[in-house]
J.: 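Let me give you the structure first, and then I'll get to my questions.
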Protein chains: 2
Amino acid sequence: MNVKTPPHPGSKKDVSRQGGCFHKYLFSKILRQTLSLVPSPSYPMPSVTVENYLKQIYLLQQGGELAPMGGLAVAVGVTPGTATSMVKTLADANLADYAPRAGVRLTEAGTRLALQVLRRHRLIELFLVQTLGLDWSEVHDEAEELEHAISDKVLEKIDALLGHPDTDPHGDPIPPSTGKPRQQKLTPLTECTPDMAGEVARVTDQAAEFLQFVDRQGLTPGAQFTVESQSPTADAITVRPHNREPVTLGTAAAMKIMVKVEE
Amino acid sequence: MNVKTPPHPGSKKDVSRQGGCFHKYLFSKILRQTLSLVPSPSYPMPSVTVENYLKQIYLLQQGGELAPMGGLAVAVGVTPGTATSMVKTLADANLADYAPRAGVRLTEAGTRLALQVLRRHRLIELFLVQTLGLDWSEVHDEAEELEHAISDKVLEKIDALLGHPDTDPHGDPIPPSTGKPRQQKLTPLTECTPDMAGEVARVTDQAAEFLQFVDRQGLTPGAQFTVESQSPTADAITVRPHNREPVTLGTAAAMKIMVKVEE
DNA sequence: CACTAGACTTTGATTGGTCAAAGTTGTTAT
DNA sequence: ATAACAACTTTGACCAATCAAAGTCTAGTG
């Protein structure tokens, strides 16, 4: 029994990602599970929209918690009502568990897909910086588009070309093609105390302006620094990157810089 | 007066290509033209669908002729009715001239967009072969997706990386970013006569199977050859690529191979 | 405990893109 | 001239994704 879902009977071309009819698939999947005819045939290509929701839920639920619907709506850029209805669809598809008025969490299948999207996104970012020479402040938006268009084959070529890297230009970990993502144990810069030395590991804000600032100050991932002063009451921390002028950051900014502390 | 079309009021993210609301744009464009407030502000991003229709119309109308609706429907993989209604939309947008029951032709604006799509497609193909090492038989389908996701900025980086090439791996000309595409004057292999020598310049069939065959026989673009025999009645032509075994092709296949004849 | 503000969901409508099937037209053959 | 056919268009429906606005919870606060 062939379970392929003809997207549009009579159409000649493989419309694939964009055109794929996810909802029709759901039907056949439920059928298959009910009848227990096929083990677990890996999901066909979800729509760009579904991929974006999955990715954002993944990013919002970090730590096993439920992602709040409001945050999700903002993250994917839709109204709350739209998010609700889409999340219900994801739940029907067994990609997410939805607790009305509480939030949403990815299932294992959903997590797998989200990690694939994230892997595509981050490999593309690194590729754009490393191979094509774009600035790290502009690659996030580019990757946002490309992550939905690139095939596994091309992605693995890029991965190989880059030497199977494990972080992107912002220090975000690139999930492996299979298996669990590595967990980094990093400290936010806000928790560093004077005289501590460390290395910038990750910048958790993709806004171009912030990234350009970080770059100008010499605090890109890999940069070594020493903490000069820190004061929660003054809401500020001053760090000196090696061979650079010291920089003073407010707590809000410092929180976005994750750091590996020297032992 | 700012003419930007907010895709979804209140949305934070730039939904850009996929989400862009082309029809709403049309409205504002008509407004602008009517009121003569803005000169001619270059079209905003058409949807993936519109891009595909424009590309296929361009490819079908080669020679100033009208592209037939049936052929267009097959080319974009939709039913004839769908093609009709989409072409009407393109005509309303001044991207195409539509003659009911006769066919469709791109306007200048439509042609400009189609050439951009084609440029993206062909540069991507070459990039995939040259930089990422994919086989020339598989890059067409990959590029079909990527051509709608890549920004001008990334495209021009790729163009530079490849040294501003002017043909893709199949010998198809890469349209320049502005201005008219070059016209090659090539001969189909079917029109070659015995003892003529020439060079394969272009293979006008993107089917993987055919491309693999052509590759195995040593008839990829750039290959030198001599015609051994030719007979329209036998519907066949035999050519010998330099340093290779001779190959006999039927007319249907030979027509797909375009050739530069030695003077 | 009763209210209220904010978070969330529901409802009803819209849009772009599509199909199936019925209707129309232009062309060719008899 | 007319019949038949293929190509095309029209019509009515559908689906995914969305929004606006009205409705409903729920967690606090007084």
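In what follows, chains carry the letters A, B, and so on, assigned in the order in which the sequence lines appear, proteins first and then strands, with residues in each chain numbered from 1. FYI, side chains are in, hydrogens and waters are out, and symmetry mates aren't considered; it's all heavy atoms of this structure.
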J.: List the residues meeting side-chain contact (heavy atoms from CB on, under 4.5 Å) with A/Asp97, not counting sequence neighbours, and say none if there are none.
T.: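 In terms of side-chain contact (heavy atoms from CB on, under 4.5 Å), with neighbours along the sequence ignored, A/Asp97 is linked to A/Thr107.
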J.: Which of these nucleotides, C/dG17, C/dT18, D/dC8, is closest to any side-chain atom of B/Ser47?
T.: C/dG17
J.: Please give, in whole Å, the distance from D/dA16 C1' to A/Glu51 CD?
T.: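 My rounded result for the distance is 15 Å.
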J.: Within this structure, what is the CG-to-P distance between A/Asn52 and D/dA16, rounded to whole angstrom?
T.: 18 Å
J.: Is it true that A/Asp168 and A/His121 share a donor-acceptor pair across their side chains at a distance under 3.5 Å?
T.: no
J.: Counting side-chain heavy atoms from CB outward, which of D/dC19, D/dC8, C/dC19 is closest to B/Arg101?
T.: D/dC8
J.: If you assign A/Pro80 and A/Pro100 each to the DNA chain D nucleotide with the nearest heavy atom, which residue ends up on the more 5' nucleotide?
T.: A/Pro80
J.: Applying side-chain contact (heavy atoms from CB on, under 4.5 Å), name anything that partners B/Pro68, two or more places apart in sequence or on another chain.
T.: none
J.: What contact category does A/Gly81 fall into here, base, sugar-phosphate, or nothing, at under 4.0 angstrom with non-hydrogen atoms?
T.: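 Answer is base: heavy atoms of A/Gly81 come under 4.0 Å of a base.
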J.: Quick one: list whatever passes salt bridge (charged side-chain N to carboxylate O under 4.0 Å, His left out) with B/Lys256, sequence neighbours left out.
T.: B/Asp205
J.: Of the options C/dC8, C/dT18, D/dT18, whose atoms approach the side-chain atoms of A/Pro68 most closely?
T.: C/dC8
J.: Can you sort out the partners of B/Glu191 under salt bridge (charged side-chain N to carboxylate O under 4.0 Å, His left out), two or more places apart, ordered by chain and number?
T.: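 Salt bridge (charged side-chain N to carboxylate O under 4.0 Å, His left out) check on B/Glu191 returns nothing, list empty.
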J.: Report all interatomic pairs (protein N or O, nucleotide N or O of nucleotides 2-5 of chain D) with separations under 3.5 Å.
T.:
none

J.: Let's see if you can work this out: which of C/dA7, C/dT18, D/dT18 has an atom nearest to the side-chain heavy atoms of A/Thr49?
T.: D/dT18
J.: So, is B/Thr82 near the phosphate of C/dT18, with a side-chain N or O under 4.0 Å from OP1 or OP2?
T.: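 False: B/Thr82 side-chain N/O out of range (4.0 Å or more) of C/dT18 OP1/OP2.
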J.: With A/Glu138, which residues qualify under salt bridge (charged side-chain N to carboxylate O under 4.0 Å, His left out), at least two apart?
T.: B/Lys153
J.: Do the side-chain N or O atoms of A/Tyr53 get closer than 4.0 angstrom to the phosphate oxygens (OP1, OP2) of D/dT18?
T.: yes
